[in-house]
Structure formats: C-alpha cells, structure tokens
Protein chains: 2
Amino acid sequence: MFDQFRERFPMLNHKWDEYISYYNRIEVPAKTVLLKEGDVSHKAFFIEKGCLRAWFNNNEKDITFQFAFENEILSGAESFRKSIPSFFTIETIEPSVLHWIHKKDLDKIVEETSQIPEMKDNMLNAAFDRQYHYMKHFLSFIRDTPEQRYLNLIKESPHIVRRVPQQYIATYLGITPVSLSRIRNRLTK
Amino acid sequence: MFDQFRERFPMLNHKWDEYISYYNRIEVPAKTVLLKEGDVSHKAFFIEKGCLRAWFNNNEKDITFQFAFENEILSGAESFRKSIPSFFTIETIEPSVLHWIHKKDLDKIVEETSQIPEMKDNMLNAAFDRQYHYMKHFLSFIRDTPEQRYLNLIKESPHIVRRVPQQYIATYLGITPVSLSRIRNRLTK
DNA sequence: GTGATTTCTTAACAAAAGATAATTTGCTAT
DNA sequence: ATAGCAAATTATCTTTTGTTAAGAAATCAC
C-alpha cells in the first residue's frame with residue numbers, strides 16, 4: 001500500500017510507517033453504508049478489494065453518479081473537505097476490504113507533507129485531472145445519446161459494466177433501468 | 001483589475017505592476033474566434049466587458065458547453081496547461097474588451113508567486129471549486145429533464161438566459177434549438 | 001428605412017424514453 | 001434442492017425529443 005508514494009517521495013520514508021498506522025483496515029459485506037446522505041463525512045476510504053458507489057436520493061429513487069474500485073480513494077468530497085452535510089451516500093456494491101483514515105489524521109499528514117512543494121504540485125495536478133475527468137464525463141451527456149453513452153462505457157470502463165448491477169449503471173447513464181434493458185435488447189439484434 | 005489579488009497578497013505589491021504589464025488589452029467584435037479547435041492554446045483571456053462561449057464540433061453541429069462573462073478568465077484548459085491541441089473553439093458572443101496573457105508570461109508569474117504557499121493553496125482551492133462546479137452541472141444532467149435544466153438555468157444563471165442567443169443555450173442544455181423553443185412555449189401556458 | 005440574413009417558432013412525423021405492471025430470470029439463505 | 005426475494009426483461013401506453021421543412025420575427029448592414 002502506498003508504494004507509489006514511497007517511491008516518489010523517498011525523503012518522507014521514515015514517516016510513512018507512522019502515516020500508514022493512521023489507516024484502519026475493515027472488511028464489510030455488500031450493501032454496507034459507509035457514509036449516509038445528510039451526515040458529515042469524517043472518513044476517506046481506500047479500497048484494497050471490492051467496489052463502492054456514491055448515490056443520492058431523487059424523488060424516492062436513487063441515482064448513482066460515481067463508482068470506485070481497487071486502489072482508489074473515495075470520500076464525501078465537499079462534505080469531507082469542508083465538514084458540511086453530504087448530499088450523497090457511499091455504499092459497498094461487493095463485499096469489500098477497505099482502509100479508512102480520519103479527516104483530522106489526514107489533515108495532519110497533508111499539513112506535514114506540504115512542506116514539500118512537489119507534494120502540493122502533486123495535489124494540484126490531481127485536482128486538475130479530476131476536473132478534466134468530470135468535464136469529459138459531462139460532455140458525453142451533452143454530446144451522446146444514452147445508447148452511445150452505454151457503448152462508450154463498455155469500451156472505456158468495461159470493469160464497471162462487468163461488476164456493477166445494471167440498475168446502478170442505468171441511473172449512472174441518466175436513464176431508467178427499463179430503458180437500459182431495452183437498449184441492450186436493441187444492441188443484440 | 002486584479003484589485004482582489006493586490007489586497008490578498010500585499011507582499012507582492014511591487015511586482016503587480018510588472019505582472020499587469022504582461023496583459024494585452026484588445027477590443028473585438030462579436031463572433032471573433034479567439035482559439036480554434038485543433039490549435040494549441042497559448043493565451044488566457046480575462047474579460048473586462050462582453051461574453052465568450054466555448055464550443056466544439058459534433059456531427060457538423062456545434063455544441064456549446066461553457067460561457068464566460070465579465071471578470072472571468074477563459075483559456076484552452078488542457079490545451080493551455082499541457083500545450084496540446086484544443087478540442088474546442090473559443091468565440092466572442094458580444095463585442096468584447098479582453099486582456100490576454102501569453103502562457104510563458106503566466107508561467108513565469110506562477111513560478112515566482114508560488115514561493116508564497118498561500119498562492120498555491122489559493123490555486124488548489126480554485127481547482128477544487130471548479131471541480132465541484134462541473135460535478136454539480138453534470139449531476140443536473142443525470143437528475144433533471146431538459147425542462148427542469150432550463151428552469152434551473154433561469155434561476156441560477158439568469159444572466160446567461162438574458163445575454164446568450166437561444167441556440168447556444170439549447171446545446172448547452174443538451175437539446176436542439178427546436179426542442180428548447182417547444183419547452184419555452186409549453187412553459188408560457 | 002429597407003432588404004438580406006440570421007434566429008426563433010411552429011408543424012408533422014418518426015424514434016426513443018418514462019411510467020406502470022406483469023413475467024421471467026437469477027441469486028441467496030437455509 | 002428449493003422457497004423467497006431481488007433484478008432484469010418484456011409489453012403497453014403516454015410523453016418528449018429529434019429531424020426536416022416552412023413560415024414569422026428579429027437583427028444587421030448599408
């Protein structure tokens with residue numbers, strides 16, 4: 001875990017063991033709620049094994065807008081960053097092995113490591129990349145039909161199509177599960 | 001211009017005059033192309049007066065995905081940051097007064113001011129905020145019907161509805177101009 | 001102001017999506 | 001293995017959008 005960071009920032013090597021000790025390993029079954037809509041997010045989750053989804057309630061139906069898999073980190077985003085209520089829920093899709101860290105510990109690490117300018121550059125680049133990712137994702141909604149979006153997803157993120165139940169994929173694509181089923185039916189012909 | 005920066009970072013006061021001298025004031029008519037799809041973006045534009053749109057070609061039709069108004073800055077984004085070809089065009093909607101700066105000059109300013117940690121924090125926060133903005137915008141595409149998106153736009157960004165021609169707003173909402181006209185018609189009843 | 005051009009609206013039809021409900025398939029726990 | 005439950009498919013009907021084309025309204029240039 002965190003090997004890529006050790007390599008990139010060897011000057012912090014003596015500190016990494018301390019930092020890693022802040023993380024708590026947990027094993028949870030599928031459909032476990034890790035953050036509830038309306039609560040303040042205090043934890044960030046690193047996924048060792050399994051997958052998660054972020055969703056929010058809209059007219060009594062849930063809409064999934066993000067998935068996360070192995071080696072990815074998921075938190076309450078704005079809720080985690082600013083300690084405000086989260087507008088979405090985080091839940092496991094598969095039984096998962098996670099490592100969570102408390103915000104106050106992560107803040108301490110960020111505080112200490114920010115002495116190193118490369119660390120901030122690193123965060124800045126990550127922020128830009130995420131921004132670009134959202135932009136591209138958003139553009140596909142303007143540009144493509146639901147059918148094209150589904151075909152894109154198969155091509156660009158086959159792991160999502162493989163591992164995530166269809167109903168979640170449907171709302172992720174901005175359509176109903178019934179409509180996605182029809183699209184799939186059309187495509188086989 | 002840049003008064004908010006002067007106030008926030010007074011320690012750079014003696015440098016601001018130099019920095020501002022890098023900016024070039026231009027007045028351009030409506031429908032002026034400032035960056036062409038496929039070209040590398042070397043300039044960032046600060047808008048003193050007027051408004052711009054960013055659009056890309058999709059099946060012989062143009063799709064607008066961003067607007068910018070007074071006191072906002074617009075550049076080729078990834079194209080500007082990484083010196084790669086831009087996938088979109090930047091064009092004036094109204095006759096505009098702009099101040100552009102060359103990337104190499106801006107890089108120099110960023111380089112110098114990054115000695116100040118607050119400056120980087122500032123950029124990091126701005127990046128997070130922009131990311132959040134894209135996310136919210138993207139979520140409205142998953143969550144809302146085109147009609148609701150239009151109503152949202154009237155409520156959240158009335159200046160866009162007021163100043164931007166309808167055909168651009170239509171593609172910004174992910175629908176055809178004909179469909180937006182029908183929605184407007186429906187709403188008056 | 002007037003003619004020309006662009007933008008917006010309206011109409012007609014085809015294609016696709018939403019809603020609801022019934023049926024089938026697949027998974028889980030015992 | 002099978003009963004029970006959740007997920008996916010299919011069917012029917014309504015609503016909305018896309019497409020194309022024609023007409024009305026607004027804007028621009030001279």
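Naming convention: chains lettered A, B, ... in sequence-line order (proteins, then strands); numbering from 1 in each chain.
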Can you check whether B:Ile93 reaches B:Pro165 side chain to side chain, under 4.5 Å on heavy atoms?
yes
Roughly, in whole Å, what's the span from OH in B:Tyr150 to C1' in D:dT17?
17 Å
Side chain of A:Arg182 (C-beta onward), nearest among C:dA17, C:dT20, C:dT10:
C:dA17
Listed nucleotide nearest any side-chain atom of A:Ile183, set D:dT17, C:dA11, C:dA17:
C:dA17
Phosphate OP1/OP2 of C:dA17: any A:Arg186 side-chain N/O under 4.0 Å:
yes
Which of these nucleotides, C:dT20, D:dA8, C:dG18, is closest to any side-chain atom of A:Val178?
C:dT20
Separation of C:dT24 P from A:Arg184 CZ (nearest whole Å):
19 Å
Between B:Arg163 (CZ) and D:dT27 (C1'), how many Å, whole number?
18 Å
Side chain of B:Thr89, backbone of B:Glu37: donor and acceptor closer than 3.5 Å?
yes
Testing C:dT20, C:dA17, D:dA8 for proximity to the side chain of A:Gln166, the answer is D:dA8
So B:Tyr172 and B:Phe65, ring-ring contact (aromatic ring centres under 6.0 Å, His included) or not? Walk me through it.
CA-CA 5 Å; B:Tyr172 181 73; B:Phe65 66 97; 8.6 Å; no
Any ion pair linking B:Lys15 and B:Glu18 (charged N to carboxylate O, less than 4.0 Å)?
yes
Let me know the distance between NZ of B:Lys61 and C1' of D:dT17, rounded to the nearest Å.
12 Å
By the 4.0 Å heavy-atom rule, please label B:Ile175 as base, sugar-phosphate, or nothing.
sugar-phosphate
Can you check whether A:His42 and A:Phe80 have ring centres sitting under 6.0 Å from each other?
no
Could you tell me how far apart A:Leu187 (CG) and D:dT9 (P) are, to the nearest whole angstrom?
12 Å
Rounding to a whole Å, what distance do you find between B:Asn59:CG and D:dT19:C1'?
13 Å
More 5' along DNA chain C: B:Lys31 or A:Thr145, using each one's nearest nucleotide?
B:Lys31
Heavy atoms only, 4.0 Å cut-off, all strands: where does A:Ser181 land among base, sugar-phosphate and nothing?
base
OP1 or OP2 of C:dA17 versus the side-chain N and O atoms of A:Thr176: is any pair under 4.0 Å?
no
For B:Phe141 and D:dT17, what is the distance between atoms CZ and P respectively, to the nearest whole Å?
13 Å
Where the side chain of A:Asn185 is concerned, which of C:dT10, D:dG18, D:dT10 is the nearest nucleotide?
D:dT10
Rounded to the nearest Å, what distance is computed from the OH atom of residue B:Tyr168 to the C1' atom of nucleotide C:dC8?
13 Å
